[in-house]
Structure formats: structure tokens, C-alpha cells
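Data first, discussion second: the structure below is written as C-alpha cells.
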Amino acid sequence: MEFVIEKVLPNGLGRVGVIKTAHGEIKTPAFMAVGTRGYVRFISADDLHELGAQAMLSNGYHLRRQAAKIAKAGGLAEWKPLSFDQPFPFTEPAASRPVVTGETCFDRSPLVAKSSEERESLFKAYELRPDGLPAKSWQGPTLTDSGGFQVMSLGSGLGKVVSMEKERHVTNTAHKERLAHVSEDGVSFIDPFDGEPDFIGPEESMQIQCQIGADIHMAFDELTSLADTYEYNIEAMQRTERWAERSLREHLKHRDDLGYRQNLYGILQGGRWEDLRRQTAQNLAKMRVDGAGFDGFGLGGAFLKEDLGEILRWCNEELPIEKPRHLLGLSHPDDILIGAEMGADTFDCVAPMREARHGKIYTRNGNINLRKFADTGETLDQSCDCTTCKAGWTRGSLRAMWRSGDAEKKAKYYNLASIHNLRFIVRLTEEIRKAMLGDYFDEYRREFLAKYYTEA
């Protein structure tokens, strides 16, 4: 992997560059679409290319049981995420789920399976993903997370999403009730999907990720919660650093197993404390195993929203400028803007697609909830260039599909709304890059935020 810096902001932190991987280039700043299980739910690989996505992030924890199959296929960029390899992400009975043939999920009437066996047979025959779209691989750059967030979630009981606003007064789950327990070796946990015990440590995580074969991997880390004390953050940070060295050692053994170079980022923890953030940035930056160091760095951890800029500044003032940095799990426009200004190169978050499925639509004048827009012919966002908006879909028509009891109509809504929201965030990073190159980033940020944080 090569990282070429094209321009640096006057503050010495924000920059524009290009990350060159075995499966293509990522022009930064860039937002990575989240395809947890090797695909972005309700958005096809062709849709991703058309909306301007440059890279996809998947999760080693969720793909660990498919890792050997993915390796056999040649890695994540060649693997087809077929439905019968993965759990179906819906709650409706099998007989009510649409099974659709054709180039897309939505271009003809659904074939409704009468039994789970018939449904699996149809999905196998037509090579469909669990969401009914064609199981075509994403052949661009990829990144896998190690599963550190899932470890924290199972341990602290904080759910699937960390919100920097709602968890200001968070409390952890009682220790005896936790599904995950951390030791020096790694993490022992109960899989919430099947109730079976499992274990992942740094070595296991690297072996899994190197089988999955993304271009960029994350070292195994322990993500603390906002409820954890300063003293526990010291303990967890030091353990994360020891795991980082073990991750790097194991990764060096397997990074070329699939015939191309796979790269490893070290992850910075340290919570909301400046001394811990600076110390771990220094330690990871100088860490070497057999002369090799990390190829880049992941900026992680739980912290309050108002602290984001300062925490990124502390980390990135210590990290080497020539290595790329990925800000984990954030996608709100103000977070991306401050992240880019403070030296983050790439971003990821499931929120654009998840919020679309819950009726939240992004617009230049702020987010809207489709619940309020029955029987309206108003477009989603007049300034948007996504395929959903260009095709003329209105707020009222999308709301009708979303609130429909028809599974096919609802799936079509998920596709159209997810494309819109994801394109909105991808376009934001494209415009940030252009503004940085054109020396008008400060003006662009002020104008964007003034419009976005108003009532739509």
C-alpha cells in the first residue's frame, strides 16, 4: 500500500491524498460504505460504484465463519456473499420474503417461496444475497474491522451503535451478565446469534482477517465505554498495545497468503484523556516487529461529541504524517468536517443506511423524517445528484412504500433511500476534498453547516 499526500491544510493536520491498494485507489478524504457481512444491505455492488463509493468496510467478527470460503474464492474482492452462506437479516417468516430473479431485485414480480427449503433453493439457483440482490462481489478497495467494537458491545452491553450524545450518562452491564469477558489472551464470548461460546484474540483476529483478504485490516483492540474510569482506560490501553504487537507479529506471517499485500492499521484507544491519547499514539507509531511497523492507524474509542476535534488533534499531532488514518464509526456531517480538518483520511459508519431504513432522509437543509410527508410531491433534495432523486422519486411516494405492508415495496424503498443517504455522505467527502484542493475549505465548511443544521 502507498499513501501519497497531495496537499496539507495550514493547520498541518488536514490533508488530501490517495491511498493506493491492490484493488484500487482511494482518493481522500473518503467515506467507506459499511458492508458488515461483505455487502451493503439493499445496495448492489453496481449501485455502490454508480453513487461514487470508493471502498467498503466489512467486519471480521461477523465474517469469521465464512473466512475460509472467502479465502478460497480469492479474498473479499472476489467472494460472492450468497444468501445460504449467511443468516437472513429480516424477521419476517421465510414464506413472506420476496425471492426475485433478474438483474436487480426490483425489476419484476417476486417469486414467494412456500417453505424455507424452497426459498434456499431459489436463492442458490439465482445467486442472490440475503437481501435479495445479486450476489456480485465488490471488487474495489476493502477494509475489515477486527471486532473490537463488538467485543465492547457484548461486554458493556451498549448495543449496536455508540451515540456520542445519548451515552453521556451511560452505565455498563453488570459483569456477571456480560456476554464477553476480556483476559490477557483475548476475549471469550457467547455468540448472541447461536448461543455458542467462542474466543478471539489478536492471533485469531489476524488469521481471520488475512483469510477474508481485505486490503486494510485493523489490529485487535479493546474499546472502552464512556462509563469506564481513567484507571481502567490505562489498563485497557496498555493491553491494546500488547495486543497490537501480537497482531502485527501474526499479520506479518499471513499478509501475502492470497497473493497480494494486505495491510494493517494499529488502533488508538485512550478514551477522552490527552495524556493517554498522546502516549499511545507515540507507542504505536514507533512499534516494530522484525523491522516492520503499522501501515496506518485507526482512530477509535468512546468520547463525547464536543471532544472529537481535540482528541483527533492530540492523536494526529503525534502520528507520522506519511501514514493514513481512519476514523472509525462516525458519519454525521459535522463529525466528518472536523475529522477531515484534524487529519482523518477515511471514515465509515452504518448510520446513513440504517437511518434510511427508519425513514430519516438526509438533505442539504437538514434531515427529514418521512413520517411527516404523506401525499406530497416534493422531492427528497433538489440539490441531490443520486439516482433516486434524478429518477424523480418524491417524499410521498417513498413514504408510501416504506409504510406499506408489502415486502417487495418495502425492500424497494430500502434500496432507494439507502442510495440517497449514502450518496449524500460520499458527496460530502468529495466536496471536502475539492474545497481543500481549491483553498476554500473554511468557507465551504461554514456554508455547509449553516444550511444543514436548520429545519428542513
Side-chain angles (χ1 to χ4, degrees), residues 1-7 15-40 43-60 63 70-71 73-81 129 133-145 209-218 251 254-265 294-298 322-328 331 336 340 344-349 352-353 386-387 419 422-423 425-434 436-437:
M1 186 178 77
E2 181 183 4
F3 180 47
V4 178
I5 297 175
E6 299 173 273
K7 191 164 189 171
R15 67 268 189 94
V16 175
V18 180
I19 301 172
K20 300 180 180 181
T21 77
H23 292 96
E25 296 183 349
I26 306 170
K27 296 180 179 180
T28 68
F31 183 80
M32 295 186 175
V34 177
T36 300
R37 298 180 184 275
Y39 65 95
V40 181
I43 301 180
S44 71
D46 290 338
D47 288 336
L48 282 180
H49 284 292
E50 188 166 1
L51 64 83
Q54 299 185 70
M56 180 182 73
L57 179 144
S58 296
N59 190 278
L63 285 176
I70 296 172
L76 192 57
E78 301 298 327
W79 177 66
K80 294 181 178 181
R129 305 182 327 194
L133 289 169
K136 183 177 180 179
S137 60
W138 166 258
Q139 297 185 328
T142 51
L143 182 151
T144 45
D145 195 0
Q209 290 189 74
C210 285
Q211 283 187 307
I212 295 170
D215 296 292
I216 301 168
H217 306 162
M218 293 288 174
H251 194 268
H254 300 288
R255 65 183 183 179
D256 298 312
D257 282 358
L258 297 185
Y260 55 88
R261 176 57 53 88
Q262 302 175 52
N263 304 277
L264 181 63
Y265 284 17
F294 291 108
D295 301 294
F297 300 94
E322 70 274 9
K323 298 290 182 71
R325 307 151 184 164
H326 181 84
L327 180 57
L328 288 150
S331 67
I336 289 181
D345 302 299
T346 53
F347 307 83
D348 80 89
C349 190
M353 293 76 73
C386 78
T387 54
I419 286 173
L422 184 54
R423 174 57 191 160
I425 299 299
V426 167
R427 184 181 173 191
L428 170 64
T429 56
E430 291 173 352
E431 291 176 353
I432 290 172
R433 175 183 169 86
K434 185 177 179 180
M436 286 181 168
L437 287 172

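Given the structure is predicted, the values throughout are model-derived calculations rather than measurements. By convention here, the first residue in the shown sequence is residue 1.
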Approximate separation, where rounding is to 0.5 Å, of L143 CG and N59 CG: 10.5 Å
Testing the basics here: between I212 and G60, what is the closest heavy-atom pair and its distance to 0.1 Å? CD1-CA, 3.9 Å
Which residues pass the side chain to side chain contact (heavy atoms under 4.5 Å, CB included) test with A22, sequence neighbours left out? D215, Y260
I need the L57 CG to L76 CG distance, nearest 0.5 Å. 10.0 Å
Check side chain to side chain contact (heavy atoms under 4.5 Å, CB included) between A77 and all other residues, then give those that pass, not counting sequence neighbours. H23
Main-chain N/O of A344 paired to R325 side chain as donor or acceptor, under 3.5 Å: no
Once you round to the nearest 0.5 Å, how far does OG1 of T346 lie from CZ of F31? 10.5 Å
Spatial distance of atom CD (Q54) from atom CE (M56) [nearest 0.5 Å]: 14.5 Å
Is there side-chain contact between D345 and I26, with heavy atoms separated by less than 4.5 Å? no
Step by step, work out the side-chain contact (heavy atoms from CB on, under 4.5 Å) result for M353 and L422. CA-CA 7 Å; M353 293 76 73; L422 184 54; 4.0 Å; yes
Show the nearest heavy-atom pair for residues V16 and M436, with the distance to one decimal. CG2-CB, 3.4 Å
Taking atom NE2 of H217 and atom CG of N263, what is their separation to the nearest 0.5 Å? 8.0 Å
Of all residues at least two apart in sequence or in a different chain, which pass the side chain to side chain donor-acceptor pair (under 3.5 Å) check with R423? D385, E430
When you measure from the side chain of K323 to the backbone of F294, do you find a donor-acceptor pair of N or O atoms at a distance under 3.5 Å? yes
Which pairs pass salt bridge (charged side-chain N to carboxylate O under 4.0 Å, His left out) with one or both residues in residues 16-30, sequence neighbours excluded? none
At what distance, to the nearest 0.5 angstrom, does OG1 of T28 lie from CD of E6? 7.0 Å
Could you check whether atom NZ of K7 has more than 12 heavy atoms from other residues, nucleotides or ligands sitting under 6.0 Å from it? yes
May I ask you to say whether E2 pairs ionically with R261, meaning some side-chain N is under 4.0 Å from a carboxylate O? no
Under a 4.5 Å cut-off applied to non-hydrogen side-chain atoms, are D46 and K136 in contact? yes
Can you name the closest pair of heavy atoms from L48 and A33 and give their distance? CD2-CB, 4.0 Å
Which residues pass the side chain to side chain contact (heavy atoms under 4.5 Å, CB included) test with L428, not counting sequence neighbours? P333, I336, I432, Y444, F448
Contacts of H326 meeting ring pair (Phe, Tyr, Trp, His ring centres under 6.0 Å) (sequence neighbours excluded), chain-then-number -> none
Contact between L63 and W79 at the side-chain level, heavy atoms closer than 4.5 Å - yes or no? yes
